[in-house]
Amino acid sequence: MGDKRLFAVRLLWVNDRALFAEYQRQARPILAKHEVHIERWLVTEDMCGNGFDKPDELVVQWFRDAAAKAAFENDPDFKKIAELRDRAAKLVTITAKSVYGS
C-alpha cells in the first residue's frame with residue numbers, strides 16, 4: 001500500500017521573534033485540529049552551499065496524506081494567522097513524499 005504521508009520541510013528566516021512566538025501560540029490548536037505532526041524543529045548551526053542565506057530554523061512536518069495538508073492550509077483560521085507568520089519570517093516550504101526510511 002505504501003506510505004501516503006506527505007512531508008513539508010520549512011526553512012525559516014525569522015526577523016521578528018515576538019511576532020513569530022505569537023503566531024506559534026495561535027497555530028498550535030489549528031495544527032492539533034488537523035493532526036499536523038512536527039517531526040523535528042531544528043535551529044540551524046551550519047550550512048554548506050551557495051545561493052541563499054542560512055535559515056534560522058528548519059521544521060520537518062508530516063501530514064497523513066495530500067488531502068490532509070490541503071485541508072490544513074485551506075483552513076480559514078490558519079489563513080488568518082498565516083499573515084502573522086509572513087510578517088515575522090521569510091518562509092520556504094519544500095513538500096515531498098517518502099521513498100526511503102521509516
Side-chain angles (χ1 to χ4, degrees):
M1 185 160 218
D3 189 350
K4 293 185 180 183
R5 291 181 296 173
L6 193 63
F7 290 82
V9 178
R10 303 188 191 272
L11 289 69
L12 294 157
W13 293 263
V14 180
N15 58 51
D16 186 329
R17 288 278 168 201
L19 190 59
F20 192 69
E22 178 59 22
Y23 159 74
Q24 290 175 302
R25 185 188 69 74
Q26 291 185 36
R28 278 189 191 95
I30 301 166
L31 292 165
K33 176 173 111 177
H34 290 280
E35 299 178 6
V36 179
H37 301 270
I38 297 177
E39 187 72 26
R40 293 283 187 272
W41 197 299
L42 307 165
V43 174
T44 308
E45 289 193 16
D46 194 13
M47 185 179 96
C48 295
N50 299 313
F52 59 93
D53 294 334
K54 176 179 68 102
D56 299 307
E57 301 175 9
L58 292 98
V59 180
V60 180
Q61 301 173 316
W62 62 267
F63 304 83
R64 95 180 146 273
D65 55 29
K69 180 179 180 282
F72 166 69
E73 291 179 344
N74 291 312
D75 183 307
D77 292 331
F78 176 71
K79 286 185 172 193
K80 285 180 201 171
I81 67 162
E83 186 268 339
L84 287 176
R85 180 203 60 206
D86 295 344
R87 286 187 4 232
K90 178 181 167 189
L91 169 71
V92 172
T93 298
I94 302 163
T95 305
K97 294 180 180 176
S98 178
V99 293
Y100 180 78
S102 53

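Not measured: the values here are computed from a predicted model. All values below were derived from every heavy atom in this structure, side-chain atoms included, with hydrogens, water molecules and symmetry-related copies excluded.
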If you round to the nearest 0.5 Å, how far is CG of Leu31 from CD1 of Ile38? 5.5 Å
Rounded distance (nearest 0.5 Å) linking atom CH2 of Trp62 with atom OG1 of Thr95: 15.5 Å
Give, for atom OH of Tyr23 and atom CZ of Arg28, the distance between the pair rounded to the nearest 0.5 Å. 10.5 Å
What residue pairs, at least two apart or across chains, pass salt bridge (charged side-chain N to carboxylate O under 4.0 Å, His left out) with a residue in residues 87-99? Glu83-Arg87
Side-chain donor-acceptor contacts of residues 6-22 below 3.5 Å, not counting sequence neighbours, with atom names and distances?
residue, atom, partner, partner atom, Å
Arg10, NE, Gln61, OE1, 2.6
Arg10, NH1, Thr93, OG1, 2.9
Arg10, NH2, Gln61, OE1, 3.1
Trp13, NE1, Asp53, O, 2.9
Trp13, NE1, Lys54, O, 3.2
Asp16, OD1, Ala18, N, 3.3
Asp16, OD1, Leu19, N, 3.0
Arg17, NH1, Glu57, OE2, 2.6
Glu22, OE1, Arg25, NE, 3.1
Glu22, OE2, Arg25, NE, 3.4
Glu22, OE2, Arg25, NH2, 2.6
Glu22, OE2, Gln26, NE2, 2.6

Leu42, Val92: one ILVMFWY side-chain cluster at the under-4.5 Å cut-off? yes
Is there a side-chain contact between Phe52 and Met47 (heavy atoms, below 4.5 Å)? yes
May I ask whether Ile30 and Trp41 are part of the same hydrophobic cluster, defined by side-chain heavy atoms of I, L, V, M, F, W, Y residues being less than 4.5 angstrom apart, directly or through others? yes
Side-chain heavy-atom pair Lys33, Phe78 within 4.5 angstrom cut-off: no
Please determine whether residues Leu91 and Leu58 belong to a single hydrophobic cluster, defined as Ile, Leu, Val, Met, Phe, Trp and Tyr linked transitively by side-chain heavy-atom distances below 4.5 Å. no
Please find the pair of heavy atoms, one from Phe63 and one from Lys69, that lie closest to each other, and give the distance. CD2-CA, 3.5 Å
Joint hydrophobic cluster, Val59 plus Val36, side-chain heavy atoms closer than 4.5 Å: yes
